[in-house]
Amino acid sequence: MRIKHVYLYITEMKLRYPFATSYGTYEKRQSILLEVQDDDGRTGWGEVVAFSEPWYTEETIQTAWHILKDFLIPALKDQELTHPSEVPALFAHVKRNHMAKAGLEGAVWDLYAQQCGISLANALGGTRSEIEVGVVIGINPLPYMLEQIAAYREQGYARFKVKIKPGQDYDMLVSIRDVFPDIPLMADANSAYTLQDIKLLQRLDDLDLMMIEQPLADHDFLDHARLQNELKTPICLDESIHSLEDARVAVTLGSCRIVNIKAGRVGGLTESVRIHDYCKQHNIAVWCGGMIETGISRAQNIALASLNHFTIPGDISASERHWERDVIIPSVRLHHGKIQVPKQIGLGFQIDREYLNYITIQSEHM
Ligand SMILES: O=C(O)CCC(=O)c1ccccc1C(=O)O
Ligand SMILES: [Mg+2]
């Protein structure tokens, strides 16, 4: 396969509800959607999940746009490929910029699956026909969070993740536990704490949380290992894990017992599958993270989460969790609290071109 054309779209969509994390609040979402085309005119779709602000990682929409246009797309175009797992080597001379790389690599995976006449899930080695999914509750006044949890439970979500930050942590979680003693519950700190907060973090052990996600800074492998040693609650790493190598460091040091895999953060689906396989070998649980993404990345996540070691429900909610309307047809829906893994070829969804046009604020053909 040879990529002859790449079409880039910067889109902007308003979230149905503002989404607050420990480091900031998202109200609207720009994304880079990209379409790659081969010599036969077939196209594959990918999404760069970087945000407009460098809060979650250092990448932004603008840095990704630059890296894609000036380095990655020229490195990919016209190269003869037999498999998408060859794409990371073409990008190896470009340091990091994982979300930009993953957007393009994901589009090649979709195209490859279509050429083979199989689903993306199948191409990645996925075996599940449906996946259990969880939902994330942003930081808000407590009564509103309780209402949201009740509503999402009604919709069948199998796991509830609550964002926490200093001052909105222990007491808030105790109140949630009082109302919902049995729900599978976890907390995501997005690096809001340091090892100095160890006493507070140890109190969370009373709350029967499935895990605490990324309590400390992204580079703090050693401090996470010390913290995990002192905590009963499993630590899950998100922002710390940019590669298989990071997963090896974390697992070897004992920095976590669970890994959140996001294709964007680790540079693509190829690296995601490698991390999945490594964690499976080492008895480290994995689940698929979310990035408030459009349906393209959401469809990719569904395919990825169909691999058999994704044993914990991921942050793969229905399209309507964040969007009034999604860019894929049909939108992602829950069926009895689960999401069906599409059997159709490629991503298994169509692109809603009319809506794509409507939300596009900039585009380019390369
Ligand atoms: O996609 C979602 O619904 C929310 C996923 C989420 O928690 C998140 C969203 C944006 C940035 C970081 C994170 C995170 O997992 O830390
Ligand atoms: Mg997280």
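Read the numbers this way: they start at 1 and go in the same order the structure lists the ligands and their atoms.
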Please list, in number order, the atoms of ligand 1 under 4.0 Å from a heavy atom of [X].
X	value
K163	6 (C), 7 (O), 8 (C), 13 (C), 14 (C), 15 (O), 16 (O)
K161	7 (O), 14 (C), 15 (O)
D238	14 (C), 15 (O), 16 (O)
N190	14 (C), 16 (O)
K262	12 (C), 13 (C), 14 (C), 15 (O), 16 (O)
H322	1 (O), 2 (C), 3 (O)
Y23	11 (C), 12 (C)
E213	15 (O)

Protein contact of atom 12 (C) of ligand 1 - nearest heavy atom, named by residue and atom, plus distance: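 Answer for atom 12 (C) of ligand 1: Y56 CD1, 3.5 Å.
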Pair [X]-[Y], side-chain donor/acceptor within less than 3.5 Å:
X	Y	answer
D110	Q114	yes
D326	Y355	no
E293	N301	yes
E105	T270	yes

If you measure from atom 9 (C) of ligand 1 to every heavy atom of N260, I292, V136, which option wins on shortest distance?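 Shortest heavy-atom distance from atom 9 (C) of ligand 1: I292.
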Going by the closest heavy atom to atom 8 (C) of ligand 1, which one wins out of S317, G290, G134?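 The residue whose heavy atom sits nearest atom 8 (C) of ligand 1 is G290.
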I'd like the atom name of the N/O/S atom in [X] lying closest to the Mg ion (ligand 2).
X	result
E213	OE2
D238	OD2
D188	OD2

pair I235-P215: side-chain heavy atoms closer than 4.5 Å: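 When only atoms from C-beta onward are counted, P215 and I235 do touch, with a gap below 4.5 Å.
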Taking the side chain as every heavy atom from C-beta outward, state whether F71 and K101 have any atom pair closer than 4.5 Å.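 The answer is no; the side chains never approach within 4.5 Å.
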For D315, which of K262, R321, R159, K163 qualifies under salt bridge (Lys or Arg N to Asp or Glu O under 4.0 Å)?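 Only one of K262, R321, R159, K163 forms a salt bridge (Lys or Arg N to Asp or Glu O under 4.0 Å) with D315, namely R159.
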[Y] ring center within less than 6.0 Å of [X] ring center:
X	Y	result
W45	Y9	yes
F51	Y26	yes
W109	H83	yes

Heavy-atom gap [X] to ligand 1 smaller than 4.0 Å:
X	value
R321	no
F51	yes
Q214	no

Would you please classify the geometry between the Y7 ring and the H365 ring as parallel, tilted or perpendicular, with 30° and 60° separating the classes?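 Correct class here is parallel.
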Residue part near ligand 1, for T21, under 4.0 Å between non-hydrogen atoms: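 Looking at T21 and ligand 1, no heavy atom falls under 4.0 Å.
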How does D188 reach ligand 1, by side chain, by backbone, by both or by neither, if only non-hydrogen atoms under 4.0 Å count?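 Under 4.0 Å from ligand 1, D188 contributes side-chain atoms alone.
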Mark yes or no: R128 above the aromatic ring of F310, with NZ or CZ under 6.0 Å from the six-membered ring centre and no more than 45 degrees from the axis.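 Because its charged atom misses either the 6.0 Å distance or the 45° angle limit, R128 does not stack over F310.
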